[in-house]
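One-based numbering, in listed order, for ligands and for the atoms of each. Here the structure is a predicted model, which is why all the values come from computation and not from measurement.
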Amino acid sequence: MTHPIYNFSAGPAVMPQAVLKEAHAHFLNYQQSGMSVMELSHRSALFEQILADAEASLRRLMAIPDNYKVLFVQGGASLQFSMVPLNLAHTNRVAYIDSGSWSQKAIAEAKKHVEVTVLASSADVNYSELPQVNIVEDTYDYVHITTNNTIEGTAFLELPRMNDKTILVADMSSNILSSTYNVTDFGLIYAGAQKNIGPAGVTIVIVRDDLIQTQPLLPTMLSYDTYATANSMYNTPPTFAIYMAKLVLEWLEAEGGVALMEERNRAKAERLYRFIDESDFYTSPVAPTSRSLTNIPFLTASPTLDKQFTQEAAAAGLVNLEGHRSVGGMRASLYNAMPLAGVDALIDFMSVFAKKKSIDGGVARMTHTYNIKTYNEIAPQGLGLLSPTKYRLNDQTPSDAILLRSYNLQEEILPDSVLAIARAGAGVNNIPLERCDDAGIVVMNTPGANANAVKELVLANLLTIARPMIDGANWVEQLPNEDIATRVEAGKKRFVGTEIYGKTLGIVGLGHIGRLIANDAIALGMKVVIYDPYVSVEAAWQVSREVERVDELKQLLAMSDYVTLHVPLLDSTAEMINADSIKAIKPGAVLLNFARGELVQTTAVVAALKNGQLAHYVADFADEHLFGQAGVRILPHLGASTIEAEENCAIMAAKELSHFLETGNIRNSVNFPRVELPYRETIRIAIAHQNVPNMVGQFTTKLAEHQLNIGDMINRSRGKIAYTLIDLDKTSTLTHCNQLISDLSSIAGSIRVRVIQPVKSLQPN
Ligand SMILES: NC(=O)C1=CN([C@@H]2O[C@H](COP(=O)(O)OP(=O)(O)OC[C@H]3O[C@@H](n4cnc5c(N)ncnc54)[C@H](O)[C@@H]3O)[C@@H](O)[C@H]2O)C=CC1
Ligand SMILES: Cc1ncc(COP(=O)(O)O)c(C=O)c1O
Ligand SMILES: O=C(O)CCC(=O)C(=O)O
């Protein structure tokens, strides 16, 4: 974590770190002008460019059509409460939807100038839900709506239906650019910048051309026409605020735009709401169907506890969580610049606070659940191990872990929230391992769990190729019934086969599958040759002494009547059977590939089949070059498709995953070392880091600075990655959890830091 504190203020609010850094870098000398951006004349070409860039970026982000003007105004959103009626109320008939304190203020201001009809109000339920708006039959100069009620935490994420002629005016101050709205649904949109656009000091107004009219009696600075005609530069605009807004808008574009922001905001809000809703300690005053994505109020059982919460949270670096003074409690504002890590830090704190207060005051039970995203069908015997009290499968919140079979994750974006990926199977070529290493994501597989299924399929193919029984059965099937016995006897000589007894089977890769096949092939009377330069001691122990080992692939190919591949797909194994190596194959041999299609250059296989070098190619993987070729048998990736193997893999993957999530211990990872430190329900810090000197020393020094005592510790490494588990001693409490995470994360070489709290529901079975 790079952020020293998380600021949950409703506004002025957190700004993107990247923007602050950029502003900082150019603060004293903007574009070689020798002046700070604050010192530029608003009439200078440099500032005019800033203004034009800000507008252009906003237009792109919100798809603002050309018949709308973008104005930069001062006076805050509150001044718009007056400017809107002063500029748009021509017949004196205006309507407002009363959904919260800010709508009330807008209504009060409008009433000073015009007659106001309140179309709908939820004041009677303290604005805990959105008012029900019926289709407006009448026509008004405009209908005013507050799309997001910052104080109460409700939002119109879908607009109420109006009649076609309605000009909708929106106060979008607290959710502009964080939810997608269609600008053409509105006549005018206004928003103070200080939440999602930039610092306080500028207000954006987006208004349709035909609504801007010359108003000779209006004070100049209150007329939209003044701003539209003078390109927001009738007088001195808030230059610095506009500059900062430009940077934020450009940042937003670079991040992927409003739709992506909305997705992230939804994920953040759902995560926090899920936690609140599942807790007996915290409550939400907001009706589930009305909830805002950007402002989330919540309460404990008493104002005293609320106060303690905000004080202790602030001390832990989670600041500005006080609810608005008019409603009390707490409020977390999660605007675009609030990272998911901030929400996680808040949830961690909430969970610890609740636990502490529950012990102190006997208040309530806490729960914590992990969200697992699954791909492919995972056997229910495995999924059933992920108890619903601790795990959710495939809900809309960002995933803590992924559980999959062959689904290809290579091109997928992995959310920051993902801690681990479990492959219910052996091959991990469908997982972007390098990206996982960089992000500290632990990838696990289930070695051996489907090995027997593959072995049986390989043996079945070996036998059915040696004895052409499938062709024979197909032939019988299509014969006429008449005199069938005589016919089959006469024709059977076409299906004479060979025996595998005494033949040589070459096995490439003596892993979990290879060794099972080796032993059974020996039992069937075959000679077995192995090629595996990295063979493990365990494999060597388990395989029959009768196997012969060779040091070169070509040696194996030259000796074998049957060759079967059982290696992982790696850069070093891709196309290991190619135009060159295939020349070494014993003429008339059979090649079986139940490992991965890419291990074999299929054009070379087709050529070898044509010139008789190969008699058959049997594979579990389809490829267009092979289609329709004589001597080829392709199966639809059935190697692991037995009820037993699917269950074994799912069970093993679910166990590995839950063991890691709940205790931080790692089993059967393909990119992390094996780490096993008995979990004794103390606070555990799990750190993935680079395998470089003095990391552990730096971690323990940081803990000492936090006055934390270590109870137990383990450090293991594998290649460039290392992993350290530190258990605090039993008496430790962690009041500055996110600060600690931030401090440990900021140590160079630290990749990912996680704190596992001994919450009841997190403890292993
Ligand atoms: N068709 C299917 O449904 C299935 C296919 N598979 C595939 O089979 C592969 C092997 O599975 P397991 O035996 O369970 O894996 P494993 O990891 O137990 O064994 C792989 C073996 O390959 C060896 N090896 C690595 N590089 C080599 C090289 N360049 N030359 C020779 N040997 C090399 C290793 O030393 C190891 O002994 C998996 O990686 C997967 O791609 C696995 C299960 C099901
Ligand atoms: C929805 C809404 N409208 C209006 C305002 C008032 O904005 P300003 O302080 O810019 O006048 C706020 C401030 O938080 C708000 O949230
Ligand atoms: O899950 C499957 O069906 C594929 C199994 C497989 O290819 C593997 O385990 O590597």
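The atoms of ligand 1 that sit less than 4.0 Å from any heavy atom of Leu510 are 37 (O). The Ser406 neighbourhood of ligand 3 comprises atoms 1 (O), 2 (C), 4 (C), with distances under 4.0 Å to a heavy atom of that residue. Contact atoms of ligand 1 toward Pro568: 20 (C), 22 (O), 25 (C), 39 (O) (distance under 4.0 Å to a heavy atom of the residue). Listed by number with element, the atoms of ligand 2 under 4.0 angstrom from any heavy atom of Thr150 are 1 (C), 2 (C), 15 (C), 16 (O). Close contacts of ligand 2 with Gly76, meaning ligand atoms under 4.0 Å from a residue heavy atom, involve 10 (O), 11 (O). Within the listing of ligand 3, atoms 8 (C), 9 (O), 10 (O) sit less than 4.0 angstrom from a heavy atom of Gly427. Near His566, meaning under 4.0 Å from any of its heavy atoms, are these atoms of ligand 1: 10 (C), 20 (C), 21 (C), 22 (O). Under a 4.0 Å criterion applied to the non-hydrogen atoms of Gln194, ligand 2 contributes the atoms 7 (O), 8 (P), 9 (O), 10 (O). Applying the 4.0 Å criterion to heavy atoms of His637 picks out, from ligand 1, the atoms 1 (N), 2 (C), 3 (O). Taking every heavy atom of Ala640 and a limit of under 4.0 angstrom, the matching atoms of ligand 1 come to 3 (O). Close approach to Tyr534 involves these atoms of ligand 1, each under 4.0 Å from a residue heavy atom: 25 (C), 26 (N), 27 (C), 28 (C), 29 (N), 35 (O). The ligand atoms of ligand 3 that sit less than 4.0 angstrom from a heavy atom of Gly425 are 9 (O). Within ligand 2, the atoms closer than 4.0 Å to a non-hydrogen atom of Phe81 are 4 (C), numbered from 1 in the order shown. The atoms of ligand 1 that sit less than 4.0 Å from any heavy atom of Val454 are 4 (C), 43 (C), 44 (C). Of all atoms in ligand 2, numbered sequentially from 1 with element shown, those under 4.0 Å from a heavy atom of Asn148 are 1 (C).
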*Given side chain to side chain donor-acceptor pair (under 3.5 Å), test Thr464 with Arg633 step by step and report yes or no.*
CA-CA 11 Å; Thr464 52; Arg633 178 191 288 176; 2.8 Å; yes

_Please evaluate residues Thr154 and Ser290 with respect to the criterion side chain to side chain donor-acceptor pair (under 3.5 Å), reporting the C-alpha separation (whole Å), side-chain torsions for both, the decisive distance (0.1 Å), and the verdict._
CA-CA 5 Å; Thr154 61; Ser290 300; over 6 Å; no

*Does the pair Asn394 and Thr374 meet the rule for a side chain to side chain donor-acceptor pair (under 3.5 Å), with working shown?*
CA-CA 7 Å; Asn394 300 313; Thr374 63; 2.9 Å; yes

*asked:* If you apply the rule side chain to side chain donor-acceptor pair (under 3.5 Å), what do you find for Ser101 with Glu152, and how did you get there?
replied: CA-CA 8 Å; Ser101 316; Glu152 296 80 7; 2.6 Å; yes

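In this structure, Arg549 does not pair ionically with Asp532, as no charged nitrogen and carboxylate oxygen lie closer than 4.0 Å. With respect to Arg515 and Glu538, a salt bridge is recorded, a charged nitrogen being found less than 4.0 Å from a carboxylate O. With respect to the salt-bridge test (charged N to carboxylate O, under 4.0 angstrom), the residues Glu546 and Lys527 do not qualify.
Panel note: side chain Ser128, backbone Val286; no donor-acceptor pair is recorded below 3.5 Å.
Annotation: Phe186 is not in aromatic contact with Tyr142 [ring centroid separation under 6.0 Å not met].
When only interatomic distances are considered, the shortest N/O to N/O separation between Asp620 and ligand 1 falls below 3.5 Å. Checking only distances, Ile513 does come within under 3.5 Å of ligand 1, N or O to N or O. Of the N or O atoms in Asn450, one or more lie within a sub-3.5 Å distance of an N or O in ligand 3. Any N or O atom pair closer than 3.5 Å counts here, and Thr573 shares no such pair with ligand 1. Where the criterion is an N or O separation shorter than 3.5 Å, residue side chain and backbone included, Phe594 meets it with respect to ligand 1.
Within the 4.0 angstrom cut-off, atom 14 (O) of ligand 1 has one or more protein heavy-atom neighbours.
Side chains of Asn648 and Glu644: no donor on one and acceptor on the other come within 3.5 Å. No side-chain donor from either of Asn430 and Asn408 sits under 3.5 Å from a side-chain acceptor of the other. Side chains of Asn175 and Asn196: no donor on one and acceptor on the other come within 3.5 Å. In the model, Ser103 has no side-chain atom that pairs as donor or acceptor with a side-chain atom of Asp98 under 3.5 Å.
Looking only at protein heavy atoms, the nearest one to atom 9 (O) of ligand 3 is Ala426 N, 2.6 Å. Counting protein heavy atoms only, atom 7 (O) of ligand 3 is closest to His637 NE2, 2.7 Å. For atom 12 (C) of ligand 2, the closest non-hydrogen atom of the protein is Trp102 CE2, 3.3 Å. At the shortest separation from atom 43 (C) of ligand 1 among protein heavy atoms lies Asn450 OD1, 3.3 Å. Summary of contacts: the protein heavy atom closest to atom 19 (O) of ligand 1 is Gly511 CA, 3.1 Å. Among protein heavy atoms, atom 3 (N) of ligand 2 sits closest to Asp171 OD2, 2.6 Å.
Using a non-hydrogen distance threshold of 4.0 Å, Lys105 does not register as a contact of ligand 2. Heavy atoms of Lys195 approach ligand 2 to within less than 4.0 angstrom. Heavy atoms of Asn149 stay at 4.0 angstrom or farther from ligand 2. The shell of residues lying under 4.0 angstrom from ligand 1, judged by heavy atoms, includes Pro533.
Between the CG atom in Leu293 and the OG atom in Ser178 there is a gap of 7.0 Å [rounded to 0.5 Å]. The line from OG1 of Thr294 to OH of Tyr335 is 5.5 Å long, rounded to the nearest 0.5 Å.
Comparing heavy-atom distances from atom 6 (C) of ligand 3 across Arg423, Arg405, Glu377 singles out Arg423 as nearest. Nearest-heavy-atom check against atom 7 (O) of ligand 2 across Gly192, Ala77, Ser173 picks out Ala77.
For the side-chain contact (heavy atoms from CB on, under 4.5 Å) criterion with Ile507, the lone passing option out of Val528, Ile513, Leu556, Val543 is Val528.
Looking at Phe156 and Ser99, their side chains come closer than 4.5 Å, going by heavy atoms from C-beta outward. A 4.5 Å side-chain heavy-atom check between Tyr243 and Pro199 finds every atom pair outside the cut-off. Annotation: side chain of Ile431 is in contact with side chain of Arg423 (closest heavy-atom distance under 4.5 Å).
Both the backbone and the side chain of Ser78 come within contact range of ligand 2, each with a heavy atom under 4.0 Å. The part of Arg596 lying near ligand 3 is the side chain, judged by heavy-atom distances below 4.0 Å. Both the backbone and the side chain of Asp532 come within 4.0 Å of ligand 1, counting heavy atoms alone. Both the backbone and the side chain of His512 come within contact range of ligand 1, each with a heavy atom under 4.0 Å. The proximity of Val567 to ligand 1, defined as any non-hydrogen pair under 4.0 Å, involves the side chain as well as the backbone.
A tilted orientation is assigned to the rings of His144 and Tyr190, their planes being inclined by 30° to 60°.
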